[in-house]
Amino acid sequence: MERGQDDFLAELNEEQRKAVEATEGPVMIIAGAGSGKTRVLTYRIAYLLKKGIDAFHILSLTFTNKAAAEMKERIIQLMGSDARNLWMGTFHSVFARLLRREADKLGYPSNFTIYDSDDSKTLIKSITKELGLSDSTYKASSLLGRISSMKNMLISAEMYANDPQYQSDDRAARREHFSQIYLTYNKRLFKSGAMDFDDLLYQTNILLRDHPDVLLKYQNMFRYILVDEYQDTNLSQYMILRQLAARHQNIAVVGDDAQSIYAFRGANIQNILNFQKHYPDTQVFKLEQNYRSTKTLVHAANQVISKNKDQLQKTVWTSNGEGEKIQLMRGMSDTDEGRQIAQSIFDFKISGHAANSEFAILYRTNAQSRSLEEALRKLNIPYRIYGGISFYQRKEVKDAMAYFRLAINPHDEEALRRVINYPKREIGDTTFDKLIVAAADNDISIWMVLDNLKDFSLGLSPRVSERITEFVNMIKSFAAMVPNYTAYQLGDYIYYTSGIKRELEQDRTPEGMSRVENIQELLNGLKDFSEKPLDEGIIPTLSMFMEDVALLTNEDRNKDDEKDHNKVLLMTIHSAKGLEFNYVYIAGLEENLFPSQMALTSREELEEERRLFYVAVTRAKKQAVLSYAISRYRYGSPQSNEPSRFLEEIPAECINNLSYREQASEHVYSRTPSGYRGFTAPAKVVPPVSIVGKRLVSMNKAAQTSLPMDNSHLSGLKVGARVEHERFGQGEVLSVEGVYPNSKATVMFANGEKKQLLLKFAKLKIVG
DNA sequence: GGACGTTCTGTTTTT
DNA sequence: CAGAACGTCC
């Protein structure tokens, strides 16, 4: 093979190299698990740059912002800092950026707000309420789900309303008002100057469709398009790509049909299965050699996935060693399952000299993390939940950010709803309802009503009107400051001026203190952002900071905290895509949990669950350990389970049957909801919060994601602490139990009365 | 309008 | 079990 100036491709195998060098025309790279897909993408971009293509002309779409950042870093290492101009990121972040540039063409302000799913749901709830519909038949989450899938199929509210098929479906399903909700929802978003997640893709499609000049501009800009995880694209994304690539046809997609796991959010596996039909001149490359896993793991995964019908032909193989058999563990309960997994990690750490970071525990649902965390904590194994609920979704953070949002775009209805009466300023629900009605009647945003209050006769008391004027003036004063101050200066000023600071700091309960810490962290983020060097004369404003905050996940936010490095990672299988670990544990392999009960209604759904299982197993390099629990607490009561059907699909020679350690734990034999099984839950349910020494040492997941593991921030509430209750006076904490934030404290008050207080509500001051 | 106690009800994955 | 919704009191 010739070397010379392409020497930097030396670390690629022949097929990978071909895939890198085929730069012109449509290219499909079918990349089996562990076949070096990321490497190919990275080198492909580097190779394009090397050929003299301007970074500005290359668009690379990845599945997470983190993946994009890592790839960019690597390319900069290879090719130098010109690579900074690459367009890289998720579909959502890249096209949000594009939409901000072109927003005026769609009638949006360029500083439009991006609603996250919470904002969307609240808006939908408000709409169904205004329409007088019952929220039990019209559930916000399922309405949003349907709206989302319509947008992803590029079906507008108007098209939907005029489609006889949809209309009769809706009548049959007793949701005949759906199209009205869809219409109103979109209208309200528009009036608010806001887009939801799906709009970012939908509106991009509209923009490119209706503005040929804009389309041409971006076709010529993005001469080379690369798409990772193509199997997980939906119709909306497919159409954007089709429009952008139509002129130069340099589109390279990388994917693995066996790893398509996002059908629930509109991903269409047909996109990859039919790529060659869409682009007849496609060159196809197959990367079939797996460099990651042992023969045993590759064989097991292959055998399981072969049960699926819809597949592209490929044979993943490896020249790696045979390796260990997959281990199967059986736990009596979820607690027991956790204990065994933690014990097993402990053992591997000793026998294999393995570091914490070599382990991952994967599960199907977030709710499963609880029992695993507890078990890890008991063995002092440090862990971190990867992904998980975003920092930016926390209530106090969203409240503060709602002020930021209003300063940038006062028409933002959801931000307004959040803070118009927070901190309390006597503008209650009744008043807000009147404002909504006035806004709807006049077809304007709520802000316009607020700002021109005297033009509307709403029957508000002078006192309330006065308070509204104060509020409006405050927001206006913030808005005026946006262009001239850094994000940190203004953020800090708003935190103080809005009264949030005073409000939060009043609350001296442990939870209240952690809320203050979270805002502190938000402000630190603003500070970092504000100190980032920019081009001369450009101020890093709050508006710039807020641009893509709604699109960030926890992983994007994390600084490389040294202490976060060597930890066992816990995550859902979905968020494990693209990652690899020496030791992978897959917990909860039970029928109805994995495969999920919800997914058992059709063959396609079951096949997606099987692909999920495939993804999970192929994350492992050395060893996979699978476990299931015979009985598991769900929603407060024990349920008995059958082992997952996927276990039986693993070839017998790849798995060692039930290598579980028999550990005597307190079990009783009794009835479970689905009958006698021989095993059930532990006799004694260990409460999720325990007192060790005098300290409260455990808490629930929501709190853990951002808080130190030793929970020292809760140390304010020690047993024995002196507290003061606003009604009952001083007392002493006798015990704390239950789960944060619903934990209950028993307090002995000075008058001899013993009270149990729900900490979520009780205003306790710590006085000693 | 706010504080807090009680009742109800939900069951997947995420940009 | 845990959060949301509802209800009652000030």
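Naming convention: chains lettered A, B, ... in sequence-line order (proteins, then strands); numbering from 1 in each chain.
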Please work out if A/N592 contacts a base, only the sugar-phosphate, or nothing of the nucleic acid, heavy-atom cut-off 4.0 Å.
->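 Nothing: the residue A/N592, judged by heavy atoms under 4.0 Å, touches no strand.
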
Can you name the residues that form a side-chain hydrogen bond (donor to acceptor under 3.5 Å, both in side chains) with [X], not counting sequence neighbours?
X	value
A/D257	A/K314
A/T618	none
A/Q203	none
A/D412	A/T113, A/Y115, A/R405

Mapping A/R425 and A/Q597 onto DNA chain B by nearest heavy atom, which one lands closer to the 5' end?
->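 It is A/R425 whose nearest nucleotide is closer to the 5' end.
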
N or O in side chain of A/K125 less than 4.0 angstrom from C/dA5 OP1/OP2 |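 Yes, within the criterion.
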
Between A/R370 and C/dA2, does any side-chain N or O lie under 4.0 Å from OP1 or OP2?
->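 So the side chain of A/R370 is within the cut-off, an N or O lying under 4.0 Å from OP1 or OP2 of C/dA2.
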
Residues that A/S149 engages under side-chain contact (heavy atoms from CB on, under 4.5 Å), provided they are two or more places apart |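 With neighbours one apart ignored, the set is empty.
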
Which whole number of Å gives the distance between the C1' atom of C/dA5 and that of B/dT12?
->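 Taking atom C1' in both C/dA5 and B/dT12, they lie 24 Å apart.
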
Protein N or O to nucleotides 12-15 of chain B N or O, pairs below 3.5 Å:
from	atom 1	to	atom 2	distance (Å)
B/dT12	O2	A/R364	NH1	3.0
B/dT12	O2	A/R364	NH2	2.4
B/dT13	OP1	A/N366	N	3.0
B/dT13	OP1	A/N366	ND2	3.1
B/dT13	O4'	A/R364	NH2	3.4
B/dT13	O2	A/R364	NH2	2.6
B/dT13	O2	A/H574	NE2	3.4
B/dT14	OP1	A/T572	OG1	3.1
B/dT15	O4'	A/R265	NH1	3.4
B/dT15	O2	A/H92	NE2	3.2

Take the protein atom [atom1] of [X] and the nucleotide atom [atom2] of [N], then report the distance between them rounded to whole Å.
X	N	atom1	atom2	value
A/Y422	B/dG1	OH	C1'	17 Å
A/K139	C/dG3	NZ	P	19 Å
A/K395	C/dA4	NZ	P	11 Å

Between side-chain atoms of residues 127-134 of chain A and protein atoms elsewhere (two or more places apart, or another chain), which donor-acceptor pairs fall under 3.5 Å?
from	atom 1	to	atom 2	distance (Å)
A/T128	OG1	A/I124	O	3.2
A/T128	OG1	A/K125	O	2.9
A/E130	OE1	A/R188	NH1	2.9
A/E130	OE2	A/S126	OG	2.6
A/E130	OE2	A/R188	NH2	2.9
A/S134	OG	A/S136	N	3.2
A/S134	OG	A/S136	OG	3.1
A/S134	OG	A/T137	N	3.2
A/S134	OG	A/T137	OG1	3.0

Pair A/E426 + A/R467, salt bridge at N-O below 4.0 Å =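 Looking at A/E426 and A/R467, the cut-off is met.
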
Measure all distances between protein nitrogen or oxygen atoms and nitrogen or oxygen atoms of nucleotides 7-9 of chain C, and list the pairs falling under 3.5 Å.
none

Not counting sequence neighbours, list each pair that qualifies as a salt bridge (charged side-chain N to carboxylate O under 4.0 Å, His left out) and has a residue in residues 139-149 of chain A.
->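 For residues 139-149 of chain A, and leaving out neighbouring residues, the salt bridge (charged side-chain N to carboxylate O under 4.0 Å, His left out) pairs sorted by first residue read A/R146-A/D170.
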
More than 12 heavy atoms from other groups under 6.0 Å of CZ on A/R603 |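 Yes, the 6.0 Å shell around CZ holds more than 12 heavy atoms from other groups.
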
